[in-house]
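Not measured: the values here are computed from a predicted model. Atom set for the values below is all heavy atoms of this structure, side chains included, hydrogens, waters and symmetry mates excluded.
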Amino acid sequence: MKTEIKIKNEASLCTIDIEGVIGLAEESQFAESSRSVATYERFREELAKIENIAEKEIVVNIRSTGGDVNDALLIYDCLVSLNAKITTRCYGYTASAATIIAQAASEGCREISNSALYLVHMSSSVVEGNSTDLAERIELLQKSDDRIASLYALRSGREKSQFEVLMAENGGRGRWLTPDETIEAGLADKVVGTEESTSKQTNIVDMVKGWFSSTKEQEVPTPPASDINILHLPDNRICSTSAIALREGQRTAAPTMTLSKEDPSLDGSPQTSNALAYAEDARNLNFRLR
């Protein structure tokens, strides 16, 4: 698992897409040198690219459920050190370590999609060893939580204790926040996509109302040619039917015909083997009835 960081420069704008797991989990970094070390080196190369960005405006698109706190802090430090206007945009599930990167935006530029969900929680770790090893890891986790809560407080202007309480909910697993709740908590500045979606929805509702309006004087606007369908076809257009469809309709709509049965009782001169057999059976039946 690794971070996917894609950097694209266009004129004075730089776009950075951060997807997948943030960094590489500590317990996996040296498990298989042919894969893990290469992944870690690639991550360092991407950090170096971020540090060397010279554009004055940077948009960071984040689609990630989290990952390694250390790597997320490194990316955060790289971004805030740049002399540029930085906008972070969160999509889908933005959780855990990804929320640290989202705080690297310039003032008022932390955006979140209107369909996204946002999660902050206490840091976690995998460790084995004796009581001293466990105590050291507990201390590191506590300091990590303190650092993260302090970062949230710094970027939001709220008290650190507010985020300590939020991170500790549900046994330290935190709580998923809607876009509005994320803004209310001070972790984002603006919900994006709301105005456009509302406008489109209003236009659709108005069009549907027009279809079923009983006012004769009301004129239903003619839709553009690219949006013609059977529900709102203009009166000045004539529906055309293909020849194949016409023939198929005529065939299926033709009257059905019932073929006469090969029964000697209907015509007195049987000609086939089946008809002769029917005649023989009829004679035998008449004989029995007498």
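You'll find the side chain of Cys78 stays beyond 4.5 Å of the side chain of Leu74, heavy atoms only. Between Ile100 and Ile22, every side-chain heavy-atom pair lies at or beyond the 4.5 Å cut-off.
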Task: Derivation and outcome, side chain to side chain contact (heavy atoms under 4.5 Å, CB included), residues Leu151 and Arg147 - done: CA-CA 6 Å; Leu151 188 150; Arg147 176 70 185 94; 3.7 Å; yes
TODO: Tell me, with the steps shown, if Ile53 and Ile16 meet side chain to side chain contact (heavy atoms under 4.5 Å, CB included).
DONE: CA-CA 10 Å; Ile53 292 175; Ile16 302 176; 3.7 Å; yes
Task: Worked check of side chain to side chain contact (heavy atoms under 4.5 Å, CB included) between Val191 and Ile183 - done: CA-CA 8 Å; Val191 178; Ile183 291 178; 3.3 Å; yes
Open item on the list: Using the rule given for side chain to side chain contact (heavy atoms under 4.5 Å, CB included), can you reason through Ile50 versus Leu82, listing the C-alpha separation, both sets of side-chain angles and the distance that settles it, and then say yes or no?
Closed with: CA-CA 8 Å; Ile50 295 175; Leu82 299 176; 4.1 Å; yes
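Note that the CD1 atom of Ile58 and the OG1 atom of Thr88 stand 11.5 Å from one another [nearest 0.5 Å]. Expressed to the nearest 0.5 Å, how far CG of Leu73 lies from CD1 of Ile148 amounts to 6.5 Å. Note that CG of Leu117 is 8.0 Å distant from OG1 of Thr182, once rounded to the nearest 0.5 Å. We find the SG-CD1 distance between Cys14 and Ile86 to be 9.5 Å, quoted to the nearest 0.5 Å. Residue Ser123 holds its OG atom at 4.5 Å from CG of Leu141, rounded to the nearest 0.5 Å. Note that OG1 of Thr94 is 11.0 Å distant from CD1 of Ile18, once rounded to the nearest 0.5 Å.
For CD of Glu57, the number of neighbouring non-hydrogen atoms (other residues, nucleotides, ligands) closer than 6.0 Å is greater than 12. In the displayed structure, Tyr91 atom OH is contacted under 6.0 Å by more than 12 heavy atoms of other residues, nucleotides or ligands.
Gln162 contributes a side-chain N or O that, together with a main-chain N or O of Ala185, makes up a donor-acceptor pair within less than 3.5 Å. Panel note: side chain Glu159, backbone Ala153; no donor-acceptor pair is recorded below 3.5 Å. In this structure, the side chain of Asn170 does not engage the main chain of Arg173 through any donor-acceptor pair within 3.5 Å. In this structure, Arg137 contributes its side chain and Val127 its backbone to no donor-acceptor pair below 3.5 Å. With hydrogens and angles ignored, the 3.5 Å screen pairs no side-chain donor or acceptor of Ser64 with any backbone N or O of Glu19.
Remark: Gln142 engages no residue in a side-chain hydrogen bond (donor to acceptor under 3.5 Å, both in side chains) (not counting sequence neighbours). Residues that satisfy the salt bridge (Lys or Arg N to Asp or Glu O under 4.0 Å) test with Asp145, not counting sequence neighbours, are absent from this structure. Scanning for salt bridge (Lys or Arg N to Asp or Glu O under 4.0 Å) contacts around Lys49 gives Glu46, with sequence neighbours left out. Residues passing the side-chain hydrogen bond (donor to acceptor under 3.5 Å, both in side chains) test with Thr99 are Tyr152, sequence neighbours excluded. Take Ala149 and apply the side-chain contact (heavy atoms from CB on, under 4.5 Å) test, not counting sequence neighbours, and it matches Lys160, Phe163, Glu164, Met167. When the side-chain hydrogen bond (donor to acceptor under 3.5 Å, both in side chains) test is applied to Lys143, the partners found at least two apart in sequence or on another chain are Glu139. Under the rule for a side-chain contact (heavy atoms from CB on, under 4.5 Å), the partners of Cys109 that lie at least two apart in sequence or sit in another chain are Lys85, Thr87, Ala105, Ser106. Take Arg175 and apply the side-chain hydrogen bond (donor to acceptor under 3.5 Å, both in side chains) test, not counting sequence neighbours, and it matches Glu169. In terms of the side-chain contact (heavy atoms from CB on, under 4.5 Å) criterion, residue partners of Thr132 (sequence neighbours excluded) are, by chain and number, Asn130, Glu136. Listed by chain and number, the residues in a side-chain contact (heavy atoms from CB on, under 4.5 Å) with Val80 are Tyr76, Ala104 (sequence neighbours excluded).
Of all heavy-atom pairs spanning Ala116 and Pro179, the tightest one is O-CD, 3.3 Å. In plain terms, the two heavy atoms of Gly66 and Ser96 that are nearest each other are CA-CB, 3.9 Å.
In terms of hydrophobic clustering, with Ile, Leu, Val, Met, Phe, Trp and Tyr side chains grouped at heavy-atom distances under 4.5 Å, Ile75 and Leu119 are assigned to different clusters. Following chains of ILVMFWY side-chain contacts shorter than 4.5 Å, one can reach Val60 starting from Ile7, so the two form part of one hydrophobic cluster. In the hydrophobic clustering of ILVMFWY residues, with side-chain heavy atoms under 4.5 Å counting as a link, Tyr118 and Trp176 come out apart.
Applying the 4.5 Å side-chain rule to ILVMFWY residues, one finds Val59 in the same cluster as Leu13.
Every pair passing salt bridge (charged side-chain N to carboxylate O under 4.0 Å, His left out) that includes a residue from residues 91-115 is listed here, sequence neighbours excluded: Arg89-Glu111, Arg110-Asp189.
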